[in-house]
Amino acid sequence: MLIRPTLVATLLAVGGVCTAQAEPALTVGNTLSFFQGKFGTANNINIRYDATDIQYGDSNWRVKLTVPYVSESGLPVGATVSGNTVVGGTTSSTQTRAASGLGDVWLAGHYKIVQASGLTPSVTPYAKIKFGTASAADGLGTGKNDYEVGVGLQQIAGNNWFPFANLGYRFVGNPAGQNLRNIGIYQFGASYAANQQNIVTLMYAGAQSQVAGGSAPSDLIVAWNYNVNAKGSGFQVYLDKGLSNGSANFGIGIGGQIVF
């Protein structure tokens, strides 16, 4: 399983492909997700992720705040979760624990500097801050801030296809006693808009491992967005299949958003 806030933001964004806002609008959404897998440990770990998003912007710029609630079980005693991948501590321990609480809060800003035209994709640089609000004592986070910069590319192919790519680099906060690495993040995929209501997305998402020698997360995701009005209010469901030991074996999520 890859970085959940980044992944969910990408999937929800495709719902606005056919409903780009000319004027700034407020969007409020919520996504419930469940993931299960070993994540490179000796145990089956369950992660429930409930993220509330508040976004303001238009088709050219947006600012987004993500506030998640996280619940985990089967986490090895002494292990820590960072970006919803297991890092640090003793990940081979057969003793497990459960924990829940506020996750890491994210703040992101995007600004489009090039509009898609012909063979030229749109270019949207972004910057994100992960505030270390998740409890380090409970293993829900590192307690340190992360900083990420990157760029999103999106093309228009015909009237219905929207291929995209997101490339980023994260500066990872390092807790005392750990040696976490900065990582590259990448996502590639395409959305197909059958009409303004129904949009299907297929995406590959990957990242480098934060731990030297660890298994890098790698996921294949399919999502369906349904817009209930022209503003982009609607809902979405998605399935996630992990392709590496660093990811969940599977994941599922359902989300919705209201555009005011």
Side-chain angles (χ1 to χ4, degrees), residues 1-18 29-40 45-51 53 55 64 66 68 70 81-86 103 106 108 110 121 124 126 128 130 148 150-155 157 160-168 170 183-194 197-210 215-227 232 234-257:
M1 175 182 53
L2 193 61
I3 316 302
R4 237 4 74 191
T6 301
L7 175 58
V8 171
T10 299
L11 293 175
L12 287 178
V14 303
V17 166
C18 300
N30 182 265
T31 303
L32 297 171
S33 304
F34 173 78
F35 303 93
Q36 184 179 84
K38 292 185 180 297
F39 300 95
I45 299 173
N46 299 312
I47 299 180
R48 298 166 183 83
Y49 194 83
D50 182 357
D53 300 300
Q55 175 178 287
K64 188 171 189 175
T66 300
V70 183
V81 172
S82 176
N84 282 6
T85 57
V86 180
W106 286 78
H110 300 71
T124 307
Y126 71 83
K128 298 180 180 182
K130 183 210 82 176
E148 181 179 328
V151 62
L153 307 172
Q154 188 179 74
Q155 183 59 278
N160 304 94
W161 289 95
F162 301 86
F164 62 87
N166 298 302
L167 304 172
R170 178 170 301 173
I183 59 173
I185 298 169
Y186 39 92
Q187 300 164 350
F188 307 94
S191 297
Y192 174 75
Q197 286 75 42
N198 293 279
I199 304 169
V200 178
T201 300
L202 181 66
M203 181 174 75
Y204 170 77
Q208 296 174 298
S209 174
Q210 294 185 31
S215 180
S218 177
D219 296 72
L220 185 65
I221 303 102
V222 61
W224 170 52
N225 286 70
Y226 183 81
N227 295 320
F235 64 87
Q236 175 208 74
V237 294
Y238 72 87
L239 299 174
D240 182 322
K241 175 57 182 175
L243 304 177
S244 74
N245 291 333
S247 295
N249 183 40
F250 73 92
I252 186 171
I254 182 168
Q257 59 183 356

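- At least one side-chain heavy atom of Asn249 sits under 4.5 Å from a side-chain heavy atom of Lys241.
- Looking only at side-chain heavy atoms (C-beta outward), Tyr238 and Ile252 stay at 4.5 Å or farther from each other.
- Atoms CG and CG, on Leu243 and Leu220 in that order, are 5.5 Å from each other to the nearest 0.5 Å.
- To the nearest 0.5 Å, atoms CG (Asn225) and CD (Gln257) are separated by 7.5 Å.
- Atom CD1 of Ile199 is separated from atom OH of Tyr226 by 11.5 Å, given to the nearest 0.5 angstrom.
- For the atom pair CH2 (Trp224) and CD (Gln236), the distance works out to 10.5 Å, reported to the nearest 0.5 Å.
- Looking at residues two or more places apart in sequence or on another chain, you find no side-chain hydrogen bond (donor to acceptor under 3.5 Å, both in side chains) involving Asn160.
- Minimum heavy-atom separation, Ala193 to Phe162: CB-CE1, 4.0 Å.
- Nearest heavy-atom pair across Phe35 and Ala248 is CB-CB, 3.9 Å.
- Taking each heavy atom of Ala165 and Phe188 in turn, the nearest pair found is CB-CD2, 3.7 Å.
- By the side-chain hydrogen bond (donor to acceptor under 3.5 Å, both in side chains) test, Tyr204 is found to be paired with Ser218, residues two or more places apart in sequence or in another chain being considered.
- When all heavy atoms of Val70 and Gly103 are compared, the closest pair comes out as CG2-CA, 3.8 Å.
- For Gln208, the side chain to side chain contact (heavy atoms under 4.5 Å, CB included) criterion is met by Ile183, not counting sequence neighbours.
- Residues Thr124 and Gln154 have side chains not in contact (no heavy-atom distance under 4.5 Å, counting atoms from C-beta outward).
- Formation of a donor-acceptor pair under 3.5 Å by the Ser33 side chain with backbone atoms of Gly253 is not found in this model.
- Rounded to the nearest 0.5 Å, atoms CD (Gln210) and CZ (Arg170) are 7.0 Å apart.
- Here the closest non-hydrogen pair linking Ala216 and Ala207 is CB-O, 3.1 Å.
- At a threshold of 4.5 Å between non-hydrogen side-chain atoms, the residues Thr201 and Phe164 count as touching.
- Partners of Asp50 under the side chain to side chain contact (heavy atoms under 4.5 Å, CB included) rule, at least two apart in sequence or in another chain, are Asn30, Leu32, Tyr69.
- The two residues Ser247 and Pro217 come nearest to each other via the heavy atoms OG-CA, 3.3 Å.
- Taking Phe250 as the reference, Phe34, Gln36 meet the side chain to side chain contact (heavy atoms under 4.5 Å, CB included) condition, with sequence neighbours excluded.
- Looking only at side-chain heavy atoms (C-beta outward), Glu148 and Trp106 come within less than 4.5 Å of each other.
- Between the CD1 atom in Ile221 and the CG atom in Leu202 there is a gap of 8.5 Å [rounded to 0.5 Å].
- Listed by chain and number, the residues in a side-chain hydrogen bond (donor to acceptor under 3.5 Å, both in side chains) with Trp161 amount to none (sequence neighbours excluded).
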